[in-house]
Enquirer: 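Once you've had a glance at the structure underneath, I'll fire off some questions.
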Amino acid sequence: MLQQTKVDQVVGFYKRFLDHFPNVFDLASASEQEVLKCWQGLGYYSRARNIHRTAKIVSNDLGGVFPGSYDALLDLPGIGDYTASAIASIAFGRCNAVVDGNVYRVLSRFFGIEVPIDTGAGRKYFKELAEELIDESDPANYNQAIMEFGAVQCLPRNPNCTSCPLVSACCAHKHGDVLKLPVKEKKVAVRNRYFLYLVVKTEDGFFIRQRSSNDVWAKMFDFPLVELDSRPIKKEIFNIVSGQLNWPMAIANVVKMNKHILSHQHIYAWFAEVVCSTGFDTSDWINVRDIAQLEQYPFPRLVEKYLECTCFLGNGQVVGG
DNA sequence: AACGCGGGGGC
DNA sequence: GCCCCAGCGTT
């Protein structure tokens, strides 16, 4: 959970997750959908699928016993260099140095290192430096201390240099380079996407569907969707919707959501609430007849926000046509 | 090596 | 509204 995510954002999810899956066998025997549901809202959902796969391996192949070495941990799904080092050192007392975003920041500033951190050579450089620096007598505390120092003192944009115990020895501070470090080479490419959701309502409820596994929010659930090449105008929305649905229908409402921002995509979303009176072929659609059913399906935050702001649900029953 | 994958916070 | 935060798997 702590991969790419701050502690404050994680704690609530962590407690709920352990509440739901108290041990590795409970996690292993749960369904993937159940695990995703517990992860709902935390983001980077491949982490949920990976920890589920790892639980199955530990439970079924390793007799429920976690590996304690860096190499064995590295073989598990979702566990890379950072996580293998963190578990090996913190949980098993092994001497493996962690290099996370905090470590890159602290080391690059303290030693004034301008090697870019987002290249193979940069990662190797910092990993070797961290391995030189680690306190072999207490690797767990050394690792946690340097990460914590980056998280509370040596902050990305507002570092507390005036109260820093290391300021007199800090290379970056000496040269006025604190905010320039660490150096990154690459920019994130941001893509705009335009989602026109069809919220199809009948006397018998409405429909959701599961997303594919090769796009954002893999295997999570949302509504039937038309993706557009550009921002639609109001008149287009009606034409697009009627082109998609060959049934007698009327657009009851179109809910325009705020821009939904992911680190790599800006999603503009419209939810066209469509009222139909007939049944139809909905092979891959799931007919939701009662909002209580929604509790079993994992939704992305965008859909959660739509469900919160809409009032087409009432009295525990779906309001149909 | 390049790319895709969420969501939150600061200003 | 703009900026920042970055581990892992896949290709």
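Letters A, B, ... mirror the listed sequences (proteins, then strands); counts begin at 1. Here the structure is a predicted model, which means the values were calculated and not measured.
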Enquirer: Who are the side chain to side chain contact (heavy atoms under 4.5 Å, CB included) partners of A/R123, not counting sequence neighbours?
Expert: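 By the side chain to side chain contact (heavy atoms under 4.5 Å, CB included) rule, A/R123 matches A/Y104.
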
Enquirer: For A/E227, which residues count as a salt bridge (Lys or Arg N to Asp or Glu O under 4.0 Å) partner, sequence neighbours excluded?
Expert: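 A/E227: salt bridge (Lys or Arg N to Asp or Glu O under 4.0 Å) contacts with A/R193.
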
Enquirer: Return the set of residues passing salt bridge (Lys or Arg N to Asp or Glu O under 4.0 Å) with A/D222 (not counting sequence neighbours), or none when no residue passes.
Expert: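 Once residues adjacent in sequence are excluded, the partners of A/D222 under the salt bridge (Lys or Arg N to Asp or Glu O under 4.0 Å) criterion are A/R209, A/R211.
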
Enquirer: Cut-off 3.5 Å, no hydrogens considered: what does the side-chain donor-acceptor table look like for residues 160-168 of chain A, sequence neighbours left out?
Expert:
unit_1 : atom_1 : unit_2 : atom_2 : d
A/N160 : ND2    : A/V152 : O      : 3.3
A/S163 : OG     : A/Q153 : NE2    : 3.3
A/S163 : OG     : A/N160 : O      : 3.3

Enquirer: Please report the distance, rounded to the nearest Å, between CG in A/L262 and P in C/dC2.
Expert: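 These atoms are roughly 16 Å apart.
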
Enquirer: Classify every nucleotide of nucleotides 5-11 of chain C by which part a protein heavy atom approaches to under 4.0 Å, writing B for the base, S for the sugar-phosphate alone and - for neither, in 5'-to-3' order.
Expert: SBBSS--

Enquirer: If you find the nucleotide of DNA chain B closest to A/V216 and the one closest to A/N158, which residue's nucleotide is nearer the 5' end?
Expert: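 That would be A/V216.
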
Enquirer: Just checking A/K256: does its NZ atom have more than 12 heavy atoms from other residues, nucleotides or ligands closer to it than 6.0 angstrom?
Expert: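 Count over threshold, so yes.
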
Enquirer: So which pairs with a foot in residues 147-189 of chain A pass ring-ring contact (aromatic ring centres under 6.0 Å, His included), sequence neighbours left out?
Expert: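 Not a single pair qualifies under ring-ring contact (aromatic ring centres under 6.0 Å, His included).
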
Enquirer: Establish, yes or no, whether a centroid distance under 6.0 Å links the rings of A/Y306 and A/F223.
Expert: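 Judged by ring-centre distance (under 6.0 Å), A/Y306 and A/F223 do meet the cut-off.
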
Enquirer: Taking atom P in both C/dC2 and B/dG6, what distance in whole Å separates the two?
Expert: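 Result for the P pair: 23 Å, nearest Å.
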
Enquirer: Here's a test of your reading of the structure: between A/R49 and A/D118, which maps to the more 5' nucleotide of DNA chain B?
Expert: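 So the residue in question is A/D118.
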
Enquirer: Sorted by first residue and then second, give each side chain to side chain donor-acceptor pair (under 3.5 Å) pair with at least one member in residues 65-82 of chain A; sequence neighbours left out.
Expert: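 Checked against side chain to side chain donor-acceptor pair (under 3.5 Å) - neighbours excluded - the pairs reaching residues 65-82 of chain A are A/Y70-A/D81, A/D81-A/K127.
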
Enquirer: So what does A/H266 touch, heavy atoms closer than 4.0 Å: a base, only the sugar-phosphate, or nothing?
Expert: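 No contact at all - A/H266 keeps every heavy atom at 4.0 Å or more from the nucleic acid.
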
Enquirer: Apply salt bridge (Lys or Arg N to Asp or Glu O under 4.0 Å) to A/E128 and list each qualifying residue two or more places apart in sequence or on a separate chain.
Expert: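 Salt bridge (Lys or Arg N to Asp or Glu O under 4.0 Å) check on A/E128 returns A/K124.
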
Enquirer: Mind checking which stems touch DNA chain B? I mean at least 3 consecutive Watson-Crick or G-U pairs, both distances under 3.5 Å.
Expert: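 So the stems come out as B:1-5 with C:7-11, B:7-11 with C:1-5.
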
Enquirer: Under the salt bridge (Lys or Arg N to Asp or Glu O under 4.0 Å) rule, collect the residues that match up with A/K180, sequence neighbours excluded.
Expert: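 By the salt bridge (Lys or Arg N to Asp or Glu O under 4.0 Å) rule, A/K180 matches A/D177.
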
Enquirer: Distance under 4.0 Å to a non-hydrogen atom of chain A counts as contact; along DNA chain B, which nucleotides mark the start and end?
Expert: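 Terminal contacting nucleotides, 5' to 3': B/dA1 to B/dC11.
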
Enquirer: How would you list all residue pairs meeting side chain to side chain donor-acceptor pair (under 3.5 Å) that involve residues 107-118 of chain A, not counting sequence neighbours?
Expert: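 Applying side chain to side chain donor-acceptor pair (under 3.5 Å) to every pair that reaches into residues 107-118 of chain A, excluding sequence neighbours, yields nothing.
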
